[in-house]
Amino acid sequence: MSVSPAARVAELRELIAEHNRAYYVRDAPVIPDADYDAMVRELRSLEAAHPELAEVGSVSETVGAAPSTTFSPVVHAERMLSLDNVFDVEELRAWAGRVARGLERDEAEIDFAVEPKIDGLALAITYLDGDFLQAATRGDGTVGEDVSLNVATIGSVPARIGARGRVEVRGEVYLSLKDFEALNEAQRARREREFANPRNAAAGSLRQKDPAVSASRPLSFLAYQLLGDERSFLTYHETIDQLGEWGFTVAAERAVLRGTEAMLERSSWFEGHRHDLGYQIDGAVVKLDDLAQRRALGATSRAPRWAVARKFAPEERSTHLLSIEVSIGRTGRATPYAVLEPVLVAGSTVSLATLHNEDQVALKDVRPGDLVIVRKAGDVIPEVVARIPEEGVERAAPWVFPRECPDCAGELVRRAGESDTYCVNPRCPAQLMQQVIHFASRGALDIEVLGEQRVAQLLHEGLIGDVADLYTLEPEQLAPLEGFGEVSARALVGAIENSKSQPLSRLLVGLGIRHVGPVAARALAGTFQTYDALASAERERLEAVEGVGPVIAESLYVFVREPEVLERMRRLSEAGLALAEPVTRSAGTALAGRAVVVTGALTGYSREQAEAAVLGAGGTSPSAVSAKTYCVVVGEAPGASKLARARELGVPLVPGEEFENLLQSGTWRSTLT
Ligand code: IVH
């Protein structure tokens, strides 16, 4: 089935926005960076090929995601831009060529600074008359989060520097590989969740609510930009030297090279030495050294033209495949994975790697004993890429997908036309374990102290057999268990108790309904307000919710009627769970069930804040205009395609100044034509 470019663009925008939230807000990426980059590239090329689909503020040109709500917002004095990426030497050469033409200079005369691209998170630190004033994360580039208290605890951030006036130092917060390993070891010892990679560990550590916890984490800061005092400098390397003199850590491997060839060579040097630096890098950054040249080139809305990131290919290593096993997920999906001879890939040891599904195993034709290539793209999910044929080595027989679930010995079923195989036993303990873990996870009921090992322990002890059983646990039952004490038993029961007030949308996520992700869950909860209303809704009413199609509607319709689910919900309700979506405003139902699309910038609201305000008034805020859209709010520099689509469908265009009014009353006084 071929998808129209408009539909694909809408889909990519939705996906990228969701992954942005996963990466920047929840510090929990779910796909490898390389896949994310590929989506952004596909979106940009579609937008370039179909200018009518391009829109101001598209995720293809914005950076990061809006800040979460734990920390106060900080408006950056100067937007925090991202970097454009190139993926090989040729693309980097082409970039240098464009720069030279833009400057009308000979490439051989240009000075390039080349430095490591640290895989951490960007931070802006402000000093006033030399005193540390504030530190903020990047957020969406315009508004970040105030993390001053946490940053003040980082040893490599000086409390005082010898500068006058207002000076901003930008750089990367990260964890060295050594500190990352130590932190994960401590997490293991405390039976807490390990971090997937140093970047997530740094992000999670920086965004702790309690600065004391941040202080206990070995964060480092590497400075790479000085703002506010550049007048006294002609070149970038002088600013970096100054930062070093003020006591900041700056990249020891930085170098300034004249001419494209020397620059290319240095960027490749970083690729060859990516493991020797003591911290994780995912590329090299090339910047113009001459500050006047930088000003001459300027920036796009997303990134400066005077700098570029050369991203290194995801790392690959070879190792032996020891065996192929199957793991059961919360929906019963049986995923084959390879057990490997441990191998160091991209800074951490890999001993398991996914093989995705039955067809992939057959396609790659990997068998126990084979030599295989393992890749850890973006360091998220290691995968087996291919087999390396070895001459004269006898191979094992082709692997056959098991017929029985490894956990409950129930039947494994692969339906016609599907690539996945499922354990269909609803009482399978492996499924149950994953369901409980998912239920307690951050995007769902957020029961922080209930990690994987504790779930396994509770199941093993027979204390829970369903998520509803969590709400029956008593501290007295837990305290005698291994690894628990009175304090941690009470803490767990308290955290479970607190989760009762989570909004319906979180519960819907937690229930793990097939096809119902956070976006659909919010839209459904916003529309129906209570679980009872949602569960008794007919298919047509579910489908009428913006962002909910027939597939999601059907899945939900069937789910809420399953006997186990009816019983579970009865028990959750009895336990006192909210089962309702709170409305944050007093007139919070003004937009109940209505889809409001916002395009362009609204005064006083970031994109995400505007979206949150619509949700708070009971509405939904999809990114695309459709016939179901209630109205389109038009801010500064709106997207041309959205306006055109709204006009085409006769959807009212409401001026941005009416937004408050709309939130309060659900109506407007004037429209645009
Ligand atoms: S310069 C306007 N230099 O990579 C230029 N960024 O993918 C601002 N990063 O947002 C960035 N190492 O968080 C620069 N040596 C380096 C870097 C670096 C890592 C990060 C930074 C940036 C992101 C872009």
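It should be emphasised that the depicted structure is a prediction, and the values quoted were computed from it without experimental measurement. Residue indices begin at 1 and follow the sequence shown.
- The closest side-chain donor-acceptor pair between Tyr224 and Glu172 falls under 3.5 angstrom.
- Atom CZ of Phe312 and atom CZ of Phe87 lie 12.0 Å apart (nearest 0.5 Å).
- Across Gly120 and Arg199, no two heavy atoms sit closer than the pair O-NE, 3.2 Å.
- With contacts defined as side-chain heavy-atom distances shorter than 4.5 Å, the pair Asp119/Ile281 does not qualify.
- Taking every heavy atom of both residues into account, Gly141 and His76 meet most closely at O-CD2, 3.4 Å.
- In terms of modelled atom types and a separation under 3.5 Å, the side chain of Ser176 and the main chain of Tyr279 share no donor-acceptor contact.
- A heavy-atom distance below 4.5 Å is not found between the side chains of Val350 and Pro342.
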Stepwise salt bridge (Lys or Arg N to Asp or Glu O under 4.0 Å) check, Arg164 with Asp129:
CA-CA 4 Å; Arg164 255 175 292 148; Asp129 287 330; over 6 Å; no
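- For the atom pair Ser267 OG and Asp88 CG, the distance stands at 10.0 Å (nearest 0.5 Å).
- The residues Arg138 and Glu145 are annotated as not salt-bridged, no charged nitrogen and carboxylate oxygen being separated by less than 4.0 angstrom.
- In summary, the side chains of Glu383 and Thr354 do not present any donor paired with an acceptor at a separation below 3.5 Å, with no hydrogens or angles considered.
- With hydrogens and angles disregarded, no donor-acceptor distance shorter than 3.5 Å links the side chain of Arg166 to the backbone of Leu128.
- In this structure the side chain of Arg317 never reaches within 4.5 angstrom of the side chain of Ile373, judged on heavy atoms.
- One finds the CG atom of Asp84 at 5.0 Å from the CZ atom of Arg302 (value rounded to the nearest 0.5 Å).
- Closest approach of Val385 and Val374 over heavy atoms only: CG2-C, 4.3 Å.
- Heavy atoms only, all atoms of each residue included: Ile154 and Leu206 are closest at CD1-CD1, 4.5 Å.
- In summary, the side chains of Ser623 and Arg13 do not present any donor paired with an acceptor at a separation below 3.5 Å, with no hydrogens or angles considered.
- Using a distance-only test at 3.5 Å, with no hydrogens or angles considered, no donor-acceptor pair links the side chain of Asp146 to the main chain of Ser72.
- Taking each heavy atom of Leu602 and Gly656 in turn, the nearest pair found is CD2-CA, 3.6 Å.
- Taking the six-membered ring for Trp and thresholds of 30 and 60 degrees, Tyr127 and Phe132 have ring planes more than 60 degrees apart, a perpendicular arrangement.
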Yes or no on side-chain contact (heavy atoms from CB on, under 4.5 Å) for Arg522 and Thr620, after CA distance, side-chain angles and deciding distance?
CA-CA 8 Å; Arg522 275 198 300 273; Thr620 59; over 6 Å; no
List the steps, then state whether salt bridge (Lys or Arg N to Asp or Glu O under 4.0 Å) holds for Glu261 with Arg93.
CA-CA 8 Å; Glu261 292 313 314; Arg93 196 192 298 281; 2.5 Å; yes
Output, in order, the C-alpha distance, side-chain angles, deciding distance and verdict of side-chain contact (heavy atoms from CB on, under 4.5 Å) for Phe221 and Val169.
CA-CA 11 Å; Phe221 176 74; Val169 178; 4.2 Å; yes
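- Considering only residues two or more places apart in sequence or on other chains, Arg254 meets the salt bridge (charged side-chain N to carboxylate O under 4.0 Å, His left out) condition with Asp241.
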Determine, step by step, whether Val167 and Thr126 satisfy the side-chain contact (heavy atoms from CB on, under 4.5 Å) criterion, reporting the C-alpha distance in whole Å, the side-chain angles of both residues, the deciding distance to 0.1 Å, and the verdict.
CA-CA 6 Å; Val167 160; Thr126 311; over 6 Å; no
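- For Glu657, the side-chain hydrogen bond (donor to acceptor under 3.5 Å, both in side chains) criterion is met by no residue, not counting sequence neighbours.
- In terms of modelled atom types and a separation under 3.5 Å, the side chain of Glu168 and the main chain of Leu227 share no donor-acceptor contact.
- Considering CD of Glu265 and CZ of Phe270, their distance stands at 12.5 Å, rounded to 0.5 Å.
- A donor-acceptor pair under 3.5 Å is absent between the side-chain atoms of His275 and the main chain of Val345, judged by distance alone.
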Could you walk me through whether Gln293 and Tyr236 pass side chain to side chain donor-acceptor pair (under 3.5 Å), step by step?
CA-CA 11 Å; Gln293 289 180 351; Tyr236 171 63; over 6 Å; no
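- Counting non-hydrogen atoms of other residues, nucleotides and ligands closer than 6.0 Å to CD of Glu316 gives a total above 12.
- In this structure, the separation between CD1 on Ile110 and CD on Glu107 is 6.5 Å, given to the nearest 0.5 Å.
- Annotation: side chain of Leu222 is not in contact with side chain of Val250 (no heavy-atom distance under 4.5 Å).
- Taken from CD in Gln208 to OG in Ser214, the straight-line distance is 6.0 Å, to the nearest 0.5 Å.
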Lys287 vs His237, side-chain contact (heavy atoms from CB on, under 4.5 Å): CA-CA, chis, key distance, verdict:
CA-CA 10 Å; Lys287 305 171 176 174; His237 73 263; over 6 Å; no
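- In summary, the side chains of Glu271 and Ser268 do not present any donor paired with an acceptor at a separation below 3.5 Å, with no hydrogens or angles considered.
- Smallest separation of non-hydrogen atoms from Val509 and Ala521: CG2-CB, 3.7 Å.
- Thr142 and Arg79 share a side-chain donor-acceptor pair at under 3.5 Å.
- The closest donor-acceptor contact from the side chain of Asp111 to the backbone of Leu288 lies at 3.5 Å or more, if one exists at all.
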Using a 3.5 Å cut-off and no angle test, enumerate the donor-acceptor pairs between side-chain atoms of residues 98-105 and protein atoms at least two apart in sequence or in another chain.
from   : atom 1 : to     : atom 2 : distance (Å)
Arg105 : NE     : Glu109 : OE1    : 3.3

